[in-house]
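In this text the structure is predicted, and so the values were computed from the model without any measurement. Residue numbers start from 1 in every chain, and the chains themselves are labelled A, B, ... in the order their sequence lines are given, proteins ahead of strands.
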There are 2 protein chains.
Amino acid sequence: MDLERSIAALNNPARRRILEWLKDRSNFPPALPEHADLDGVCVAYIQEKAKLSQSTISNYMGLLKQAGFVVAERHGQWTFYRRDEENIRAFLTAVQDELLKP
Amino acid sequence: MDLERSIAALNNPARRRILEWLKDRSNFPPALPEHADLDGVCVAYIQEKAKLSQSTISNYMGLLKQAGFVVAERHGQWTFYRRDEENIRAFLTAVQDELLKP
DNA sequence: TCCATAAATCGAGATATCTCGATTTATAGT
DNA sequence: ACTATAAATCGAGATATCTCGATTTATGGA
C-alpha cells in the first residue's frame with residue numbers, strides 16, 4: 001500500500017472518473033461475445049468514453065494499476081482492466097488511519 | 001467539500017506530515033504562556049519541525065486551509081493553525097463515497 | 001508470411017507544482 | 001513614530017505532470 005502513489009493516481013479528475021465508470025460494466029459498450037465471461041473493460045472502450053487519446057488512457061491505466069486500484073488481464077490483443085475492490089478498500093483504510101489515528 | 005482541492009492538498013508528503021503532527025500539540029515546542037488557552041500551532045513552530053522555508057510553510061498552510069483540513073485563528077501577530085476534525089471526516093466520507101458507492 | 005487491430009512505449013511542448021529568498025503587510029511594544 | 005517579530009505575498013528557477021501524435025510491440029487471422 002503505497003499511499004504516495006495512490007494519492008497521486010487519484011489526483012486527476014479523468015482517472016477518478018474512470019474508476020467510477022468501472023464500478024459498472026454497463027457504463028461501456030457491451031463486450032464482444034468471446035469476452036462475455038470477463039468483467040473487465042478494454043482500453044479502447046475507456047478511451048472512447050473518456051475522450052482522451054489512446055496513449056493517455058494507456059498511461060492512466062498503468063498509473064491506476066501501479067496504485068493498486070485496478071488489475072489488468074490480457075486476453076489476446078486486448079487488455080481488460082477492472083477495479084481491485086480489495087485494494088481500494090485497503091487504500092481507504094490507510095488514508096483513514098493516516099488522517100485520523102492518534 | 002471540494003474533493004479536487006483536498007486531494008491535491010494531500011498529494012504532498014510534507015503537508016501530510018504536518019497534518020499528522022497537528023494531531024498532537026506536544027509534537028511542537030510548548031506554547032507561550034499567553035497562548036496557553038489556544039490549541040493551534042503557529043507557523044514558526046511548524047516551519048522549524050518541517051525544516052522548510054517560512055514562505056513554503058505559509059503557502060502549505062494556506063493550501064491545507066483551503067482544502068478544509070485546518071482552520072486558522074489569528075491572535076496578534078501569530079496565526080495558529082489547528083486541524084478541522086469535522087471537515088477531515090467529511091473528506092474521508094466523500095472519498096469513500098466516490099470510490100465505493102454504486 | 002503479411003496485414004490488421006489493440007495496447008504500450010517514446011519524445012515533446014504546455015502547464016502546474018515545488019520550493020526558495022526577497023519583499024510586503026500586520027501587529028505589538030518602546 | 002520607530003523597531004522588532006510573525007506571517008503572507010511575490011517572483012522565479014527547477015522539477016513534475018498532462019496530454020498528445022508517432023512509433024513500436026504483441027497478437028490473431030487470411
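The side chain of B/Arg15 places an N or O atom within less than 4.0 Å of a non-bridging phosphate oxygen (OP1 or OP2) of C/dC18. Remark: B/Tyr81 is in phosphate contact with D/dA8, judged by side-chain N or O atoms under 4.0 Å from OP1 or OP2. For the OP1/OP2 pair of D/dC20 and a distance below 4.0 Å, the side-chain nitrogens and oxygens of A/Thr56 include at least one atom meeting the criterion. Listed pair B/Ser58 / D/dT9 fails the phosphate criterion, with no side-chain N or O lying under 4.0 Å from OP1 or OP2. Contact between the side-chain N/O atoms of A/Thr79 and the OP1/OP2 oxygens of C/dA6 is not found at any separation under 4.0 Å.
Put simply, CD1 on A/Ile18 is 12 Å from P on D/dC18, counting in whole angstrom units. In this structure, the CD atom of B/Glu48 is 16 Å from the P atom of D/dT5, given to the nearest Å. One atom, CZ of A/Phe80, and another, P of C/dA8, lie 12 Å apart when rounded to the nearest Å. Rounded to an integer number of Å, the gap from A/Asn11 CG to C/dA16 P is 13 Å. Atom-to-atom, CD1 of A/Ile46 to P of C/dA6 comes out at 14 Å; the value is rounded to the nearest Å. The CH2-P distance, from A/Trp78 to C/dA8, rounds to 14 Å in whole Å. Rounded to whole Å, atom P of C/dA6 lies 11 Å from atom CD of A/Glu34. Rounded to whole Å, the distance from CD on B/Gln47 to P on D/dT5 is 15 Å.
Under the 4.5 Å side-chain criterion, counting only non-hydrogen atoms from C-beta, B/Glu98 is not in contact with B/Val95. Counting heavy atoms from C-beta on, the side chains of B/Leu100 and A/Arg83 come closer than 4.5 Å.
Taking a 4.5 Å side-chain heavy-atom cut-off between Ile, Leu, Val, Met, Phe, Trp and Tyr, the cluster of A/Trp78 extends to A/Leu32, A/Leu38, A/Phe80.
Residue-level contact check: A/Asn59 touches the bases, meaning some heavy atom is under 4.0 Å from a base atom. No contact: A/Tyr45 has no heavy atom under 4.0 Å from any strand. Within the nucleic acid shown, A/Leu52 comes within 4.0 Å of sugar-phosphate atoms alone, with no base atom in reach, counting heavy atoms only.
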Please determine whether side chain to side chain donor-acceptor pair (under 3.5 Å) holds for the pair A/Thr56 and A/Ser53, giving the CA-CA distance in whole Å, both sets of side-chain angles, and the decisive distance to 0.1 Å. CA-CA 5 Å; A/Thr56 296; A/Ser53 75; 2.9 Å; yes

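Between the side chain of B/Gln54 and the base of D/dA6, no donor-acceptor pair under 3.5 Å is found. Scanning atom types as modelled, no donor and acceptor separated by under 3.5 angstrom connect the side chain of A/Ser53 and the base of D/dG21.
Considering only side-chain atoms of A/Ser55, the nucleotide from C/dT5, C/dC10, C/dT27 that sits closest is C/dC10.
Judged by distance alone, with hydrogens and angles left aside, the side-chain atoms of B/Asn27 form a donor-acceptor pair with the main-chain N or O of B/Trp21 at under 3.5 Å.
Looking at which nucleotide of DNA chain D each of A/Arg74 and A/Leu63 is closest to, the 5′-most match is held by A/Leu63.
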